Amino acid sequence: MTDPVTRPKTAPVIHNAVGPAQPAGLSALPRNQWLEVWDQFRRHKGAVAGLGFFMLMLLAVGVGPLLWDIDPKYIDIPARNAGPSLAHPFGTDQLGRDTLARMISGGQTSVAVGLMAMALSLFLGTLIGVLAGYFRRLDGLLMRLTDLFLALPLLPLLLVVIMLFRDTLRSAFGPETGIFILIVAVIGMTSWMQTARIVRGDVLAIKEREFVLAARSIGTPDRRMITRHILPNVMSPILVSATLGIANAIITESALSFLGLGFPSDFPTWGRLLFDSTDYLQQYPERVMWPGLAISLSVLSVNYIGDGLRDALDPRIRGR
Amino acid sequence: MKLRTALRGAVAIAALAPFVVPIVAPTMADAETQTGERGRDGEVKIIYWQAPSIMNPFLSGGTKDAEAASLVLEPLGRYDQEGNPVAFLAAEIPTIANGGVSEDLTSITWQIKPDLKWSDGTAFTSADVVFTAEYCMDPDGGCAQLAKFEGVETVEALDELTVKVTFKEPKPNPYLPFMGGQSPILQAAQFAECMGARAPECTDANFNPIGTGPFTVKEFRPNDVITMEANPHYRDPSKPAFATLTLKGGGDSAAAGRAVLETGEYDYAWNLLLAPEVIANMAAAGKGTPVSAFGTLVERIEINLTDPSADLPEGERSTLTHPHPILSDGRVRKALSIAIDRDLLVEIGYGQAGRATCNVVPAPAMYASDNTDCMPQDVERAKALLDEAGWTDSDGDGIRDKDGKKLSLLFQTSVNAVRQDFQALIKQWWSDIGVETELRAIDGSVYFGGDPGSPDTFQKFYGDVGLFANNFDGTDPEAYLAAYTCEKIPGPESQWQGENINRFCDPAYDELIAELGRTGDLNERGRIAKRLNDMITKDTDIVLPLVDRGRVSAHSNSLGGVILNTWDSELWNVADWYRVK
Amino acid sequence: MLIFTFRRLLISVPTLLFIALVIFLLLDLSPGDPMAQVPLTVPPEVKEKMRLALGLGEPGYIRFAKWLIQFFWIEPLNTVDHIFGTGFAEGKLRVISWQTRSPVMDIIYQRLPQTLWVVGLSYVVGVLIALPIGIYSAYRQYSVFDQAGTFVSMVGYSVPPFFSGVLLIVIFSVKLGWLPSIYDTTHVVNDWASFKVQLKQMIMPVMVLALQTTAQISRFMRASMLDNLNQDYVRTARAKGMSESVVVMVHVLRNSMIPVVTVIAMGVPGIFGGAIITEQVFKVNGIGQLLITSIQANDLPMVQTLTFIFAVLIVVFNLIADILYGVLDPRIRYD
C-alpha cells in the first residue's frame, strides 16, 4: 500500500475492480481512506474483540514481568509439580519453575517470533508472487526458485544455516538476539512459497481483467499498477496466509528448539512449553492447557483481525 | 533426539521402588508352565522405539540392530544378568582352569556344542565361526565390530567342533570375538558371497540371516517391523514358547511405555527413557511391570582442558596450544563438581533407574572404585575453592571474575528432555557459586557425529563442558579407560577423531594403562582400573560423573521369564519367555 | 496450452537436475555423520573404516555422478526387469541406503501403502470437508455455521499434532480402549472384519491430519468466495434470474478456485512427503518416518532420493496447477 496522505482522493475509486466507480469520495469532502477502513473495521464485532484480546495479550507479556517478578528460570525444587496456588497461579513444572512466569516470558518470544517471521514470509511471498505474476519475464525464473525452495529438505537446511551463521550472529548480537534473528530468518525464508504461489495465481487472473486493461491503456506505470490495482485485489488470500503463518511460525519454533536448533534449552517459548508438557498430559493436564490455550487464542484473535481487515478493505462492503 | 543408549551394562537389579519389581529367575512353579511343545503360547509382541534397520550387527553398530539380530543370531557365549559369561553355542566357557585359555594368554580354544543346526537344517560347524572372523576382518567390509577382533592373529578350525583364536600378544581379556550380542556367528554358506566390499549387496542375507537362535525372520521391513517365527531346528525342542514374534519399531519411549503399561497392546517395551513419575503413573494402570537393571552407563560432565574460544584462529581452538583459561585449574573443576547435588539429579531424572556416582567405572564390582569424594553437595567448600583459585566477584554482578575475565562457561549436550532438565539444574547450582553458564543443546546426530566440518561435535568440543553418557562393552574396562591417554586426543591433524575429548594428558596415566594391558591377574587388574578411575575423577576432576544409569524396560504382566540384562542383548533369553496363564 | 505444457516439461529437466545438485550440496555440507548413531564404544578408527566402506572417501562430484547414474539409469532398468522379467540391471549397483544396506527404492515401495492409506486418505477427506465448509461459510458469512467453522478450524490449525495426537491416544486408546495406539503396517485387508480393523487403526491419524488440511483449505476457500460473491458479475447473473445454486456453485465457485487450486496442488506432493510428526505419534512408519529417521542417521542416498522424488512431484503438480488456472480462467495465457 502506498502512503495514504499523498493520494487520498483517488484511492476509493480505483479499488473497485469491475463496473462503475463508487461515488464514495466524490460527493462530499474526500475522507481519509484509512479512517474509513477503521470505521468499517470497528463495526466488525469479532475483529474488535480479536484486536482487543490480542492487545491484551501483548500487554500481558509486555508488562507482565513487571507485575509478576518471579524469574522464569528460577528452579525451586521443593515446589515442583505443584498445582495452581496463590504463590503459583498456574502451578509449577517438573523442576519447580513458575509456569505463569514462563508463560509470560515464553509469550514475548513466541509472539515476537510469530509476528516477525510471518511478516518476513508474507513480504517475501507477496513480493515474489506479484513479480512473477505480473512480469512474464520473471515468472519462469521465480517459480522455479519457488519449486527449489519447496523441494529443499528443511532439517538439513536448518543444520547448515545454523552451522554457517550461528557463531557470526552470536558474536554480533549476543547469544539470544543472535539466535532470535536466525530463527525469524529461517522460518520466514522457508515458509514464503505458499503465499508466493497463491498470490501469483491470483495476479495472473487479475491482470487480465478489464479494469487493469483500462488502467494500462491510460498509461499507468507498472509500479502504480501493482500497488494500486493488483495488490488490493489479492489482499484476502494474503490475510489468510498471515493468520495461518503466525500459527505456523509459533509451532515451527517449538520444533526447532525441540531439535536443538532454536533458543537455549532453558529459554521458555509457548511451543516448547506445550511440547515439554505433552509427556505429563495425564498427570498434570493443566500444564498442557496454558500454552495450548495461549497459542490457540492468539491465532484465533489474529484470524478475526484478519477477517475484519478483509471486510474493511473491501470497498464494495465498505460503501454499503 | 536420538538418545545414545548404547547401554551394555550391568548387574544389580533395582528393587525397592514401588513400581519396579525385582525380577527373580523363574521359580519351580513357573518352570512347569515353561515346558511343553514349541510354539504353544502363540504370539509375543515387542516394541522398540528405535526401529531396527538391519539384522546384521557387523554392518551396523547400532544397539537396536544388534538386539533385533540377537533373536536370530547367537554368539558362542553371552554374559548373563550378573555379567558372568555363559556358554550358548559353546559347550563351556574356556578358562585357564579348564585349559581353554592358554597359560600365556595368547590363545583361546572354543569347543562347540555337538549336533547344532542352523535354521535351514544344515549343521553348524567350526567353519562358520572361522568364516565369521574372516567376514568381519576383511579390510574393505567396514565391519562395525572390528574392535572385537583387534589383536587377533589367526582363527582356525582344529576340527569340526573346535575353534582356536590366537592373539598377536597376550590378551588378558580373550572374551572379545564371538562373545556377546555384537559378535554372533554368521552362516558361512549364506554370507560366502558377501565378503568385503560386496557386503552391502547381500540385502536378503542382511535382512534375513540364517541363525541358530530361537526365531527366524519371516518378513523384515527396515525401520518398521520385523515378523518372526519359531526356529524349527532350535536346539531345545520345547523352546521357544512362542510360535511367532513381532518386533515393531518407531515412535518415542512414551508411546512404547503406553503400549505395554497402559493399553496392553504389546508385551515388551525396550529402554524407556521417561521421567520416573511418568513411568510410575503408567504402571499404575496395572497392565504391565517396569523392570530395571544397572550396567556401566554413566551420565557425566566432561571438562575441556583447552581453550575453545571463538577468538582463536580456526585450527587452534580446543587444541593443546592453548590451555583453558578457567578450567585448567583443578580447584575450579573440583568446585564445579561439588556444587552439584547428584542425588537430586537422580531423583528428578532417573528415579529408581539411577544412582549417584563419583566414578566413571561403576561396575562390575571388582573394577568399581569406592570413591565418593564428589558427594555430598558442598556449596561453601566450592565457593572457598573458587576464592582460593583467585576467582572473586569484584564488580558485584554475581559472577566471579579474575583479571577482567568472567567465570562464564558454555555447557553443551545433546537434545534430550532429561539432559535439558539437568542442564537447567546445574546452571542454577553453578550460578549459586558465582559461575555463569550458557546452555546449548545440539541435535544428537550432529553432536555424536564425527563430521570434521561441524563445530558442534563432542570430539571437537568447541564448548567448555559437555554432558553425555558413555559405557563399555562387556565387563572389561581397559579400552574404555584407555580413551583418556595422550595419543587419543582429537585435533585438526587427526580430523578431530579421538576419544580423549578432555585433552587430558598425563604420562603417569598412560604408563598405568600400559601396565593394565600387560596384567593378566584379575585382582591386580581390578586394582589398576580403580586407580585409573580415581586419577581422572577425584584426583583431577577432568570428568565429573553424575549418575550411574540403569536401564528401564517394561513387560506386560502376562509375559513371564523376562530377565533384564544390561551386559548383553536385552533379548538374550527370549527363548525362555512364556505366557503366564 | 499444449505447447506451453510441452515447453514447461522441457524446462523441468534442467530445473530438476539443478535441484538435485542443490540438494546434494546441501546434504554434503550439512554437519551430520552416518556414524552418529553408532555407540561410543566403537572406536573412532573403526568408524572411519565404516565411513570409507560407505564410499564417503570419494570426492563429492563422483558421489553425485554415481547417484545420478544409479537413479536415472539403473533404477529404471530394474523396474523394467521387475515388470518383464528381463535381466538388464543384473549385477549393477542400485541406490543403496547406508542405514539398511538395501536398495532405497525397495523401502520406498514398502512404505507407500501405509502412506497412501493414512496421509493420502486424510488429504482427500480434508479437502472434501474443507470445500463445502469454505463455500457455505462464505455464502452465509457471520452465521453461526461460519463462526463455528472458523473457531474449529483455527483451533485445529494452531494445535500441533504432537499434542492433538497424544491427546486422542490418551482418550481413545488408554481411557476408553476403543482404538489401537499403534498402527500395524503388516495388516492385510481381505475381508470385512479386517477392513474394520484397518479402519480402526487409521481413524485417529487420518483425523489429526485431515483437521490440518481442512483448516487451511477452508480458510482460503472462504476468503476467495467472499472476494467473488460481491462482484458485479454475480449481481448480473442473479438479475438474469439464474437460480442461486447455479450462481454460487458454478459462477462464483469457478472464479474462486484459483487460490484453492494452488493450495491443493501444493499439498499433493506433501502426501508423498508423509507426515513426520503424526506418523511418529501413531507409529504409522510411512515415508515421513523414513525421511526423518534417514535424516537423523544421515543416510544421504535415502534422503537424496526421497527429496528428489518429492521435488519431481512438486514441479509436476505446480505445472498441473498452472494448467488448471488456464482452464478455470481462459483469460490467463502463458504464451
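Predicted, not measured: the structure shown is a model, and the values here were computed from it. Chain A is the first sequence line, chain B the second, and so forth, proteins listed ahead of strands; every chain is numbered from 1.
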Step-by-step side-chain contact (heavy atoms from CB on, under 4.5 Å) determination, C:Arg101 to B:Thr203: CA-CA 7 Å; C:Arg101 310 296 180 96; B:Thr203 307; over 6 Å; no
Flag for B:Glu265-C:Ser181: side-chain donor and acceptor within less than 3.5 Å: yes
C:Asn285 side-chain N/O to B:Gly249 backbone N/O, donor-acceptor pair under 3.5 Å: yes
Chain B-proximal positions within residues 200-209 of chain C [heavy-atom distance under 4.5 Å]: none
Exceeds 12 heavy-atom contacts within 6.0 angstrom, atom CD of B:Glu150: no
Distance, nearest 0.5 Å, that separates CD of C:Gln110 from CZ of B:Phe220: 9.0 Å
Nearest heavy-atom neighbours spanning C:Gln289 and B:Ala51: NE2-CB, 4.5 Å
C:Glu279, part contacting chain B, at a heavy-atom distance under 4.5 Å: neither
Shortest non-hydrogen separation from C:Pro43 to B:Glu499 and the atoms involved: CA-OE2, 4.1 Å
Interface moiety of C:Ser30 toward chain B, non-hydrogen atoms closer than 4.5 Å: backbone
Residues that C:Tyr183 engages under side chain to side chain donor-acceptor pair (under 3.5 Å), provided they are two or more places apart: C:Gln198
Value rounded to 0.5 Å, distance of CD1 in C:Ile182 from OG1 in B:Thr263: 6.5 Å
Considering all heavy atoms, the nearest C:Thr100-B:Pro222 contact: CG2-CB, 3.5 Å
Main-chain N/O of B:Asp224 paired to C:Lys283 side chain as donor or acceptor, under 3.5 Å: no
Side chain to side chain contact (heavy atoms under 4.5 Å, CB included) partners of C:Ile287, counting only residues at least two apart: C:Ile108, C:Arg111, C:Leu112, C:Thr115, C:Phe272, C:Leu306
Proximal component of C:Ile169, with respect to chain B [non-hydrogen, under 4.5 Å]: side chain
Side-chain (B:Gln497) to main-chain (C:Glu48) donor-acceptor, under 3.5 angstrom: no
Spatial distance of atom NZ (B:Lys248) from atom OG1 (C:Thr185) [nearest 0.5 Å]: 4.0 Å
B:Asp204 CG: over 12 foreign heavy atoms closer than 6.0 Å: no
More than 12 heavy atoms from other groups under 6.0 Å of CZ on C:Phe72: yes
Atom group of B:Cys202 that falls short of 4.5 Å from chain C, counting heavy atoms: neither
Counting only pairs under 3.5 Å, give me each side-chain donor-acceptor contact of residues 62-71 of chain C, with atom names and distances, residues two or more places apart or in other chains.
{"from": "C:Arg63", "atom 1": "NE", "to": "C:Glu58", "atom 2": "O", "distance (Å)": "3.2"}
{"from": "C:Arg63", "atom 1": "NH1", "to": "C:Asp28", "atom 2": "OD1", "distance (Å)": "3.4"}
{"from": "C:Arg63", "atom 1": "NH2", "to": "C:Asp28", "atom 2": "OD1", "distance (Å)": "3.2"}
{"from": "C:Lys66", "atom 1": "NZ", "to": "C:Glu58", "atom 2": "OE1", "distance (Å)": "3.2"}
{"from": "C:Lys66", "atom 1": "NZ", "to": "C:Glu58", "atom 2": "OE2", "distance (Å)": "3.2"}
{"from": "C:Trp67", "atom 1": "NE1", "to": "C:Thr305", "atom 2": "OG1", "distance (Å)": "3.2"}

Distance, nearest 0.5 Å, that separates CG of B:Asp443 from CD of C:Gln296: 6.5 Å
Which portion of B:Lys287 sits near chain C, non-hydrogen atoms under 4.5 angstrom: neither
Structural part of B:Phe458 lying under 4.5 Å from a heavy atom of chain C: side chain
From CA spacing to verdict: side-chain hydrogen bond (donor to acceptor under 3.5 Å, both in side chains), B:Asn223, C:Gln99: CA-CA 9 Å; B:Asn223 291 343; C:Gln99 224 188 341; 3.2 Å; yes
Structural part of B:Gln495 lying under 4.5 Å from a heavy atom of chain C: neither
Side chain, backbone, both or neither of B:Tyr447 within contact of chain C (heavy atoms, under 4.5 Å): neither
Euclidean distance, C:Thr186 OG1 relative to B:Glu219 CD, rounded to 0.5 Å: 7.0 Å
B:Arg258 (side chain) donor-acceptor with C:Ser173 (main chain) under 3.5 angstrom: no
